[in-house]
Amino acid sequence: MTDRPPVKDFATEWDHADPQWVADPYPIWEDLRERCPVAHTERYGGGWFPATHAGVSAIAKDTENFTSRTVIIGNGRPSELDLPAPIGVAPPITSDPPFHAIARKLLLPAFAPGPINALEPMIRELCGRLLDGLEGDVINAGMEYAKYIPPSVIRTMLGFPEDDIEKFIDFINIVLEGIDHPLEQRIEEFTPVEEYFVAQMDEHIANPRDDLTSYLLNVEIEGQKLQPEHVFGTMVLVLIAGIDTTWSAIGSAIWHLANHPDDLARLVNEPELMPVAIEEFLRFYAPVTMARLVKHDMEYLGCAMKEDDWILLGFPAANRDPSIFADADKFIIDRAQNRHVAFGLGIHRCAGSNLARLELRVAIEEFIKRYPRFELSDASAVTWASGQIRGPRELPIRVRAS
Amino acid sequence: MKVSIDPALCQGQGRCFSIAPAIFDFDDLGNGVVIGDGTLNAESVALARLAQSNCPEHAIFIEES
């Protein structure tokens, strides 16, 4: 993606992989909100980016005119091979109505607050163990802490062997890095992942137990168990949607606190602020943008949209819309009224939102308990993920005075 | 005064039962539900309004009486 020329005008050639967008997208979105407010691009085969809350909300809720069959923008227009709608490759995120409701309804009980809240002691213990393993005055809070929390939680939920954690993290890298590769290449790269998952599914069929894999293998739609492809697709979804998203959210929150000692001190001294602070972290640093495809040629929000044009749903941009949020560009740690859309809007609301919130809260609570004072050790060494998930990767934090 | 959640609008964002667990609960899918018949007293009205103002889906309704 780096072979594209730098963007001169984001209103007419927006590119979410452009270095300027990756480094600091917020001024770009502010400018687009005032000028467009739906930006266009010819890149990626053509697409649209609504920069306002109203535009994002309208499209997110409109499943008549937009499809979710592909939610990650590829290098060109979607190929026919990418179109197993209404189910899609990773149900229910790639599913459209009416199948979507069936696939979602069977997944949601596993991610409802009841079963998710029961994971809190395990996550707290995990965070403590990761912090115990960090050495030195400067730690990499991105690559040594935030990165490890979601895969370990997902591995536990799926009921895969603890000893496989390094293999599991390798698979996650394959899945996440291959996400916009051409389909044929993706299939080849996915082969070891698929083989491992199928072996795990077989093992769970032989030895069913109380975990997400057994749940998906045994749950029934109208008396029928799921097709193995559906189970596999949903496991892949859990990987794609549950790892670098939450990793990014945790990293962004630590990055913020490292840069804002007043906010850090307030959180340390007023732990009861944590729930509202978590929502403000999610609003201000919402990590996830999702794509849709235009279903048919139409005039929409004043734009001449064509069938299979991409839509990039900028939930993080909607969260900075001053028509919805007072002082939208200010991080207010005790913001009481916060109708943010970090987890999307409408029928595709992030199914893992309860888990993401729990991981984010526990990860920050444990981090600031261990390190009540910390700061960036080298701001220029911080790197940010590009593409549809935004968050810090290299995040050197000085946790002890030198 | 009474509070209600429109189940056709609720998507399980989870804000209401986190902000006001005495007024809202969640069902097996994680969608918000009102505890009891939703009647609000002088104390609970402010919390219900706070939950309403945090619902991204605008699914919470407060009936004045």
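Letters go in sequence order (proteins before strands), and every chain restarts at 1.
Within the 4.5 angstrom heavy-atom criterion, atoms from both the backbone and the side chain of A/Pro109 approach chain B. Looking at B/Leu50, the atoms closer than 4.5 Å to chain A (heavy atoms on both sides) all sit in the side chain, from C-beta outward.
For the atom pair CD1 of A/Ile123 and CD1 of A/Ile149, the computed distance is 9.0 Å after rounding to the nearest 0.5 Å. Expressed to the nearest 0.5 Å, how far CD1 of A/Ile311 lies from CD1 of A/Ile59 amounts to 4.5 Å. Atom-to-atom distance recorded for A/Leu267:CG and A/Phe281:CZ is 5.5 Å, nearest 0.5 angstrom.
Interface remark: of the candidates A/Pro113, A/Gly114, A/Gly344, A/Ala351, A/Pro113 forms the most heavy-atom pairs closer than 4.5 Å to chain B. Among A/Ile324, A/Leu345, A/Val341, the residue with the largest count of heavy-atom pairs under 4.5 Å with chain B is A/Leu345. Heavy-atom pairs under 4.5 Å with chain B were tallied for A/Pro115, A/Ala112, A/Cys350; the largest tally goes to A/Ala112.
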Between these two chains, chain B and chain A, I want each donor-acceptor atom pair under 3.5 angstrom written on its own line with its distance.
from    : atom 1 : to       : atom 2 : distance (Å)
B/Gln11 : O      : A/Arg349 : NE     : 2.7
B/Gln11 : O      : A/Arg349 : NH2    : 3.1
B/Gly12 : O      : A/Arg349 : NE     : 3.1
B/Gly12 : O      : A/Arg349 : NH1    : 3.4
B/Gly12 : O      : A/Arg349 : NH2    : 3.1
B/Gln13 : O      : A/Arg357 : NH1    : 3.1
B/Gln13 : NE2    : A/Gly344 : O      : 2.8
B/Arg15 : NH1    : A/Asn338 : O      : 2.8
B/Arg15 : NH2    : A/Asn338 : O      : 3.3
B/Gln52 : O      : A/Arg339 : NH2    : 2.6
B/Asn54 : OD1    : A/Asn338 : N      : 2.7
B/Asn54 : ND2    : A/Ala336 : O      : 2.9
B/Cys55 : O      : A/Arg339 : NE     : 2.8
B/Glu57 : OE1    : A/Gly346 : N      : 3.3
B/Glu57 : OE2    : A/Gly346 : N      : 2.9

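If you look at A/Phe343 and A/Phe315, their ring centroids are not closer than 6.0 Å.
B/Ser44 meets the side chain to side chain donor-acceptor pair (under 3.5 Å) test with B/Asn41; sequence neighbours excluded. Shown here are the side chain to side chain contact (heavy atoms under 4.5 Å, CB included) partners of A/Val231, two or more places apart in sequence or in another chain: A/Met201, A/Leu216, A/Leu217, A/Leu226, A/Met235. In this structure, the ring-ring contact (aromatic ring centres under 6.0 Å, His included) partners of A/Phe66, at least two apart in sequence or on a different chain, are A/Tyr300.
Here the side chains of A/Phe49 and A/Val56 are not in contact, with every heavy-atom distance at 4.5 Å or above.
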